[in-house]
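Below: the structure, in C-alpha cells.
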Amino acid sequence: MYHTWMRYFTPGPVHHRLGLVCLGVGLQHGRLPVVGPRTLDHHVAVLVSAGGGWYRSADGRTTPVAAPALLWLTPGVPHHYGADPATGWDESFVDFTGPAAATYTELGYIEPDRPVVPLADAGPARAAIGRIARAARPGNPLLEVETAAAVHELLVALRRARADTDADGDPVLTGLARDAFQPLSVAEHAARHGMTAAELRAAVRRAAGCSPKDYLLTVRLGRAKELLAATELPVASVARRVGYDDPAYFSRLFTRRVGLAPVRFREQQGRAVHGGWSDRVPDPEHPPTLTGDSG
C-alpha cells in the first residue's frame with residue numbers, strides 16, 4: 001500500500017556546464033518497497049519528512065531513520081534502505097550530478113561519510129523539491145535550467161536544516177564575523193569561544209568549508225568592498241576599519257583575492273552612496289520601494 005510519482009531527465013552537455021544538473025525527482029509515501037542493495041553513479045538526496053525506517057551500509061551496519069531526516073546516496077557507495085513495513089514513510093528524492101558536487105562535498109554540504117543526517121525541519125527542502133516537481137511539467141522549455149537551479153537551492157536548504165545547525169547560524173561563525181575586524185590571532189579567537197586553535201579550525205572547516213583565517217579574510221574583504229563602493233574613504237582608512245594597520249599589506253591581500261586593486265574596484269563601482277550605508281537587511285516580503293511624489 002503505497003503511492004509514488006517520479007520523473008527522470010536527460011540534460012544535454014551544455015546543461016552540465018551549469019555545475020549541477022537534475023536527473024530525476026520523485027514524491028512517494030506509504031509502505032514503500034525496500035531499495036537495494038545497489039550502487040549508483042550519481043548523487044541522490046532522499047528526504048524523509050514523516051515516518052521512519054532504516055539504512056544499511058556496505059559493512060552491514062544498520063542505522064535507524066526517523067523523520068525528519070536526509071539519506072545521502074553517493075556515487076560508488078553501496079546502499080540498502082527501506083521504510084518501516086508497518087507504518088511506511090513520506091519520501092521525496094532528487095537525483096543529480098555535475099562537477100559542482102565535488103565542491104559541495106568539500107564544503108560539507110554533501111556528506112558521503114554520514115549517509116543518515118537528522119534534520120530539524122524538512123519544510124524548506126521539501127519546498128525546493130516541489131519546485132523541481134512543478135518544473136517537470138510537459139513541454140517546459142526551462143526544464144533543465146530551472147531544475148538545476150533548484151538543486152543548488154536544495155543543497156543549501158538541506159545544509160541549513162541539519163539538526164546540528166542553529167537556525168540563526170553557526171555560533172562560531174557568528175562570533176568570528178562579529179570580531180573579524182579586531183587584531184586577534186586565531187588562538188585568541190579560539191580562546192573567546194573556549195576552544196583550542198585546533199578545535200576552532202575543525203569547527204570552522206565543518207561549518208564553512210575553510211580555515212578560520214580564510215573565513216576572517218572573507219568577512220573583512222566583504223566589508224572593505226562595501227566601504228569602497230559606498231563611501232569616499234581613502235584606501236588607508238578602509239584598511240584600518242577592516243582590521244589592517246598596513247594599507248600596503250591590505251592592498252596586496254585585496255588584489256590577490258579580488259583580482260583588482262582597491263582603487264580599481266572603486267572605479268568600477270562608479271558611485272558613492274551619500275545618504276549612508278545601511279546594515280539593516282531588507283524584508284524580502286516588503287523590499288525597499290520608491291514612494292511619495294517624485295515631482
Side-chain angles (χ1 to χ4, degrees), residues 2 4-6 20-30 32-59 61-84 87-98 100-133 147-167 169-170 206-209:
Y2 64 92
T4 184
W5 173 94
M6 59 186 70
L20 289 177
V21 290
C22 183
L23 301 177
V25 61
L27 306 173
Q28 307 182 98
H29 69 271
L32 297 165
V34 170
V35 174
R38 67 175 185 180
T39 304
L40 299 174
D41 63 355
H42 59 273
H43 292 269
V44 184
V46 180
L47 178 66
V48 179
S49 52
W54 52 272
Y55 173 91
R56 187 169 300 132
S57 56
D59 60 7
R61 184 172 47 192
T62 299
T63 302
V65 177
L70 165 67
L71 303 184
W72 276 129
L73 312 181
T74 50
V77 178
H79 56 267
H80 189 195
Y81 65 91
D84 185 308
T87 62
W89 67 23
D90 288 353
E91 169 196 315
S92 50
F93 68 83
V94 172
D95 294 46
F96 64 95
T97 192
T103 304
Y104 276 107
T105 301
E106 182 180 353
L107 292 172
Y109 286 65
I110 300 171
E111 301 179 284
D113 298 329
R114 193 185 180 197
V116 179
V117 182
L119 301 179
D121 179 12
R126 192 172 177 86
I129 296 174
R131 281 187 276 280
I132 296 174
T147 55
V151 173
H152 287 275
E153 181 184 357
L154 172 63
L155 293 180
V156 175
L158 289 171
R159 176 64 180 82
R160 189 177 297 278
R162 285 187 349 195
D164 59 355
T165 299
D166 190 292
D170 188 286
R206 184 170 56 250

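This structure is a prediction, so every number in the text was calculated from the model and none was measured.
- Judged as a side-chain hydrogen bond (donor to acceptor under 3.5 Å, both in side chains), and not counting sequence neighbours, Thr87 has no contacts.
- The shortest non-hydrogen separation linking Leu27 to Ala133 is CD1-CB, 4.3 Å.
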For residues 36-43, which side-chain donor-acceptor pairs fall under 3.5 Å, sequence neighbours excluded?
{"from": "Arg38", "atom 1": "NE", "to": "His79", "atom 2": "NE2", "distance (Å)": "2.8"}
{"from": "His42", "atom 1": "NE2", "to": "Asp95", "atom 2": "OD2", "distance (Å)": "2.7"}

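- With sequence neighbours left out, the salt bridge (charged side-chain N to carboxylate O under 4.0 Å, His left out) criterion links Arg61 to Asp59.
- With sequence neighbours left out, the side chain to side chain contact (heavy atoms under 4.5 Å, CB included) criterion links Thr62 to Trp54, Arg56.
- Listed here is the closest heavy atom pair of Ala83 and Leu32: CB-N, 4.4 Å.
- Tyr81 is not listed as a side-chain neighbour of Val116, based on a closest heavy-atom distance of 4.5 Å or more.
- Taking the side chain to side chain contact (heavy atoms under 4.5 Å, CB included) definition, one finds that Ala157 meets it with Pro124, Ala125, sequence neighbours left out.
- Heavy atoms only, all atoms of each residue included: Val35 and His80 are closest at O-CD2, 3.1 Å.
- In this structure, Trp5 has no ring pair (Phe, Tyr, Trp, His ring centres under 6.0 Å) partners at least two apart in sequence or on a different chain.
- Under the rule for a side-chain hydrogen bond (donor to acceptor under 3.5 Å, both in side chains), Thr97 has no partner lying at least two apart in sequence or in another chain.
- Residues Leu158 and Leu119 meet the side-chain proximity criterion, which asks for heavy atoms closer than 4.5 Å.
- Considering only residues two or more places apart in sequence or on other chains, Glu153 meets the salt bridge (charged side-chain N to carboxylate O under 4.0 Å, His left out) condition with Arg131.
- Remark: Thr4 pairs with Tyr2, Met6, Gln28 by the side chain to side chain contact (heavy atoms under 4.5 Å, CB included) rule, at least two apart or across chains.
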Could you list the donor-acceptor pairs under 3.5 angstrom formed between side-chain atoms of residues 64-75 and any protein atom two or more places apart in sequence or on another chain?
none

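- Rounding to the nearest 0.5 Å places CZ of Phe96 at 5.0 Å from CG of Leu155.
- Within the structure, salt bridge (Lys or Arg N to Asp or Glu O under 4.0 Å) pairs that include any residue of residues 109-125 comprise Glu111-Arg114, Glu111-Arg162, Arg114-Asp164 (at least two apart or interchain).
- A search for ring pair (Phe, Tyr, Trp, His ring centres under 6.0 Å) contacts involving Tyr109 returns Tyr104, not counting sequence neighbours.
- Here the side chains of Val94 and Cys22 are in contact, with some heavy-atom distance below 4.5 Å.
- A pairwise comparison of heavy atoms in Ala208 and Leu107 identifies O-CD2, 3.7 Å as the closest pair.
- Residues Ala148 and Leu20 share a closest heavy-atom pair of CB-O, 3.2 Å.
- Checked against Ser92 for a side-chain contact (heavy atoms from CB on, under 4.5 Å), the options Ile132, Val46, Ile129 give a single hit: Ile129.
- No side-chain heavy atom of Val25 sits less than 4.5 Å from a side-chain heavy atom of Thr147.
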